[in-house]
Amino acid sequence: MLNSLFDKSIEELKGIGPYYQKKLKALRIKTIRDFLRHFPSRYEDFSQLKKISELEADGVCSVFAKIEKIKTRKSFKKRLFITEAVLKDETGEVPVTWFGQPFLMKSLKAGVLVIVSGKVVSKEDKISFQSPVFEIVSRDQEEFESAEIHFEKLKHTAGLIPVYPETRGMTSRGIRFFIKPVIEIAKNQSDFLPRSVVEKAGLLDFENAIQQVHFPSSLEMAEKARKRFAFEEIFLTQFLLLEARAENASFKAPSVAIDIEFVKNILEKLNFELTQTQKNALWEIIKNLNKNYPMNRLLNGDVGSGKTIVVLIALALVVKSGYQAVFMAPTEILSRQHFKTASKILKEFSAKGGSASGGGIEIALLVSKQAMIVSTGLEGELTKLSLKKIISSGKPILVVGTQAVLQKDIDFPKLGLVVVDEQHRFGVKQRQQLLLGESLVPHFLSMSATPIPRTLALGLWGDLDISIISELPKDRKRIETSLVDSSGRQWLYGFIRERVGLGEQVFIICPRIEQADFDYQKFLTSDAKSVKQEFEKLKTEVFKDLKLGILHGRLKPSEKERVMNDFFENKISILVSTSVIEVGIDVPNATIMVVEGADRFGLAQLHQFRGRVGRGEKQSFCFLLSETESKIAQERLKAFSDSYDGFSLAEEDLKLRGPGQFFGVKQSGIPDMATNALKDLKLVILARKLAEACLLKFDKLPLLKSELESFRQRVHLE
Ligand code: ADP
Ligand code: MG
């Protein structure tokens, strides 16, 4: 516990009483580490000292002056203390006002020499300082002419002044006052980053960095200091990821035999050939299943790239070799779709090419209220209880379903593989649930269509192996994407009518479920179409004679199910929906995707929407409606309509909106500053390399070790 100073509570700091401790805690500052890492949100540049006669309205500046007079009064109406003073130097006088700080009277008296820094405001042609920061230079009047200003001693004025996230009763001024001595103590602590790391990454050492991040000598130095702290987080994250990797490799998993003939058999029954990258991914997965330690892999591929078939083959292989397999999806709709696909592909296979024993691949569906089974011997509905019995008998079976599948009361004695669709990684909890009481750990595979930029893949998901399907099947036509403004709406409705006349289907996505209840919300989100309102309008006015359906998260599961089924069977031509349809839905007859309020969605999400059409041979279209006047938003949408590559859109999103919007980043607990540095691929790669090197001599780095322990408590790499 060498570095324990940082883990100490701020209660142990001398000079901060209970009142201010409480205020600091309101800023989530509990330990000395928290305090030191309460970084300024910006710096004010007060480096220019001016004469009072040179002051100009709306400028930010500092003056060195004498307090000529000062008094505090209570405003009659607001019962607020107002402190008014007049500053004077040899060139003139300027008034100053502070609000709600009556205690200033204790230290600021007439005759005191101060440096005052802040914004100069102008009212009715008269300028004044409003609530500026100040520092007492001397209390001795005589000194006025000769006072030497020791700038390096000044905390609040002159030079770059840190401005901190504040709370009621704890201003930046207060924080500056309290943190200065803490920094002095901290500077004496040894750097937990090994010298070699600091040098190779070109970082400031701890002592410099902590000084410069709070009280920088220049903005460049402040930037360098920030880089050091961002690097720390990325570097420590790499340790956790490397550790997780090593831990995973220490478990035992069932080794699944590589049965090439079996795989070929399935492939021959398909009415298409796998793309090259589908084949690569499948091969990586099969090889991995063959190992005697668990797979921990992410299958990443753009929407429509055909991840499902790859996964189904892997699942079938596992069942074929005598183990149980689970295929989970986030929604019932998607689970049922996967169940149908699996039944179609694998049942046909087992009927014709089934193994000598006659047993094909048995497939079950298990969602919250229903269970179903499909196999050579047995077909149809069954109770959940009897399905549970079959599963707990250890019979090889593929179970498709929602999270309900992995409930505690269902026991899979021979679980070989778990696949989760539309998820980046398995949560620690989910995995632990499956580890309990098992001597063997199943293989894990997650699937995601959200392309992960490389930096994030390495920086946050570096414990996973990643397989990427990077191309779409050859026969896909490009989805024509266009922006439509309000003048184009009538044309669009005509176009939709025409296509529906040809038997095709349409999605219309709205950003909200209901119209906002409160006026102020209406005001804030005036053009956010609600799915209910839009549905009513389209049904009763625009498309009176057509079949419309509505889908959103507040419908009962059975209703959602009915609507989706009707859409699958083309009993509904136009589906008005919220973003719930975003993931996974595969309706090849749908050819038009309309997104209302398109500027409200991220590029990756829009790309997901667009991926719901263009899944068959027919030419498909995506229309983005937006009333935004923001130039940036319009350019973003324009860029989107010109690009069809999910990975480059994700990179673009990363640049424009930062890493925070990517799944898992916010939840990780890694501070914004470090996640922002995750944009920097070189830095992430370097951090990984250096972490690997340090692991080799970890026992000689006790400071790093203890810092890592405390880091582990703070972040959650879910
Ligand atoms: P996603 O990767 O978005 O989950 P799916 O697995 O749902 O995509 O596949 C989309 C559609 O493409 C499905 O209808 C599937 O049958 C079809 N498909 C998959 N692979 C190919 C291929 N190599 N050639 C042609 N069609 C394919
Ligand atoms: Mg999918």
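All ligand and atom numbering here is 1-based and tracks the order in the structure.
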Could you go through Glu596 and Arg512, starting from their C-alpha distance and side-chain angles, then the distance that decides it, and tell me whether this counts as salt bridge (charged side-chain N to carboxylate O under 4.0 Å, His left out)? CA-CA 10 Å; Glu596 295 278 358; Arg512 320 165 47 89; over 6 Å; no
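- Less than 6.0 angstrom separates the ring centroid of Phe543 from the ring centroid of Tyr493.
- The closest approach between a heavy atom of Glu273 and any atom of ligand 1 is below 4.0 Å.
- Near Thr275, the atoms of ligand 1 lying under 4.0 angstrom from a non-hydrogen atom of the residue are 23 (N).
- Counting atoms of ligand 1 from 1 in the listed order, those under 4.0 Å from a heavy atom of Val303 are 3 (O).
- The closest approach between Gly304 and ligand 1 falls below 4.0 Å for a heavy atom of the residue.
- At least one heavy atom of Ser305 sits closer than 4.0 Å to an atom of ligand 1.
- Judged as a salt bridge (charged side-chain N to carboxylate O under 4.0 Å, His left out), and not counting sequence neighbours, the contacts of Asp259 are Lys320.
- By the salt bridge (charged side-chain N to carboxylate O under 4.0 Å, His left out) test, Glu247 is found to be paired with no residue, residues two or more places apart in sequence or in another chain being considered.
- Under a 4.0 Å N-O distance rule, the pair Glu362/Lys395 qualifies as a salt bridge.
- Contacts of Arg615 with ligand 1, taken as heavy-atom pairs under 4.0 Å, involve the side chain alone.
- A salt bridge is absent between Lys264 and Glu268: the closest approach of a Lys/Arg side-chain nitrogen to an acidic carboxylate oxygen does not fall below 4.0 angstrom.
- For Phe609 and Phe507, the gap between ring centers reaches or exceeds 6.0 Å.
- Contact atoms of ligand 1 toward Asp586: 13 (C), 14 (O) (distance under 4.0 Å to a heavy atom of the residue).
- Near Thr308, meaning under 4.0 Å from one of its heavy atoms, ligand 1 places the atoms 4 (O), 5 (P), 6 (O), 7 (O).
- Evaluated by nearest non-hydrogen atom to atom 2 (O) of ligand 1, the leading choice among Lys307, Gln278, Lys279 is Lys307.
- Between the choices Pro473, Gly306, Gly611, Pro588, the shortest heavy-atom distance to atom 27 (C) of ligand 1 belongs to Pro473.
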